[in-house]
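A short write-up of the structure that comes next.
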Amino acid sequence: QVQLVESGGGLVQAGGSLRLSCAASGSIFRVNSMSWYRQAPGKARELVAGITNGGNTNYAESVKGRFTISRDNGKNTVYLQMDSLKPEDTAVYYCSAVIIERGTITPRTYWGQGTQVTVSS
């Protein structure tokens, strides 16, 4: 089994910073891409940022220049550094990873449980 465990959410004032972490653990052969999504109340889940195992990144237009995604392949961990936070960044943030489990060849997508980020004005 594979688990993704997130940490680092919380309450911050507008203009502040937070750093989210997500660690994958379990019977892992390889972790491919890792991503962060978010879902605000009444809205659909949206991609915030993604990173391949080679380090290529992509970002939603709304967070470019403010958020930075990175990963530590040795720890199977992905990070999201969030700076210059705005009230509209308030959402539950979810980690996602495409992982091949040991003894299998088919990549599967796994999700974390979500962590709340609240930005006050």
Side-chain angles (χ1 to χ4, degrees):
Q1 283 188 331
V2 172
Q3 283 188 321
L4 299 182
V5 178
E6 299 138 340
S7 61
L11 173 64
V12 65
Q13 288 189 331
S17 298
L18 283 174
R19 189 188 194 216
L20 305 182
S21 300
C22 172
S25 63
S27 183
I28 296 172
F29 171 67
R30 186 172 68 214
V31 180
N32 290 340
S33 62
M34 302 185 85
S35 305
W36 288 97
Y37 287 75
R38 67 186 180 187
Q39 187 167 19
K43 294 189 176 181
R45 189 173 297 190
E46 63 173 355
L47 176 67
V48 175
I51 185 167
T52 67
N53 52 9
N56 294 317
T57 60
N58 63 287
Y59 295 92
E61 285 295 326
S62 59
V63 307
K64 278 184 180 178
R66 301 187 298 120
F67 291 10
T68 303
I69 189 171
S70 61
R71 66 189 285 171
D72 183 332
N73 289 334
K75 295 181 180 179
N76 290 331
T77 298
V78 64
Y79 306 96
L80 185 67
Q81 177 67 41
M82 304 184 293
D83 299 318
S84 302
L85 282 160
K86 304 175 181 180
E88 51 263 43
D89 294 317
T90 295
V92 178
Y93 284 70
Y94 296 91
C95 169
S96 175
V98 178
I99 294 172
I100 301 174
E101 287 188 60
R102 289 197 187 108
T104 71
I105 59 172
T106 304
R108 291 180 57 190
T109 299
Y110 294 85
W111 292 87
Q113 79 284 1
T115 185
Q116 177 71 45
V117 171
T118 303
V119 184
S120 63
S121 57

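None of these values were measured; they are calculated from a predicted model.
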side-chain contact (heavy atoms from CB on, under 4.5 Å) partner of Ile99, chosen from Thr109, Thr104, Asn76, Ile28 | Ile28
Show which side-chain atoms of residues 60-74 pair as donor or acceptor with protein atoms under 3.5 Å away, not counting sequence neighbours.
residue: Glu61; atom: OE2; partner: Lys64; partner atom: NZ; Å: 2.7
residue: Ser62; atom: OG; partner: Arg38; partner atom: NH2; Å: 3.4
residue: Arg66; atom: NH1; partner: Ser84; partner atom: O; Å: 3.0
residue: Arg66; atom: NH1; partner: Asp89; partner atom: OD2; Å: 2.7
residue: Arg66; atom: NH2; partner: Ser62; partner atom: O; Å: 2.9
residue: Arg66; atom: NH2; partner: Asp89; partner atom: OD1; Å: 3.0
residue: Arg66; atom: NH2; partner: Asp89; partner atom: OD2; Å: 3.4
residue: Arg71; atom: NE; partner: Asn73; partner atom: OD1; Å: 2.6
residue: Arg71; atom: NH1; partner: Asn32; partner atom: O; Å: 2.8
residue: Arg71; atom: NH1; partner: Ile51; partner atom: O; Å: 3.3
residue: Arg71; atom: NH1; partner: Thr52; partner atom: O; Å: 3.1
residue: Arg71; atom: NH2; partner: Val31; partner atom: O; Å: 3.4
residue: Arg71; atom: NH2; partner: Asn32; partner atom: O; Å: 3.1
residue: Arg71; atom: NH2; partner: Asn73; partner atom: OD1; Å: 3.3
residue: Asp72; atom: OD1; partner: Gly74; partner atom: N; Å: 3.0
residue: Asp72; atom: OD1; partner: Lys75; partner atom: N; Å: 3.3
residue: Asn73; atom: ND2; partner: Asn53; partner atom: O; Å: 3.3

Note: Ser121 and Pro87 closest approach over all heavy atoms is CB-CG, 3.8 Å
How close do Gln81 and Ser17 get, heavy atom to heavy atom, and via which atoms?
-> NE2-CB, 3.9 Å
Work out which heavy atom in Leu80 is nearest to a heavy atom in Ala49; give both atom names and the distance.
-> CD1-CB, 4.3 Å
Side chains of Met82 and Trp36: does their closest heavy-atom pair fall under 4.5 Å?
-> no
Candidates Tyr93, Trp111, Tyr94 - the one meeting ring-ring contact (aromatic ring centres under 6.0 Å, His included) with Tyr37 | Trp111
Validation row: Thr90, Gln116 side chains within 4.5 angstrom (heavy atoms) | yes
Report whether Tyr79 and Met34 are members of the same hydrophobic cluster (ILVMFWY, side-chain heavy atoms less than 4.5 Å apart, transitive linking).
-> no
Could you tabulate the donor-acceptor pairs under 3.5 Å formed by side-chain atoms of residues 3-12, not counting sequence neighbours?
residue: Glu6; atom: OE1; partner: Gln113; partner atom: N; Å: 3.3
residue: Glu6; atom: OE1; partner: Gly114; partner atom: N; Å: 2.4
residue: Glu6; atom: OE2; partner: Cys95; partner atom: N; Å: 2.5

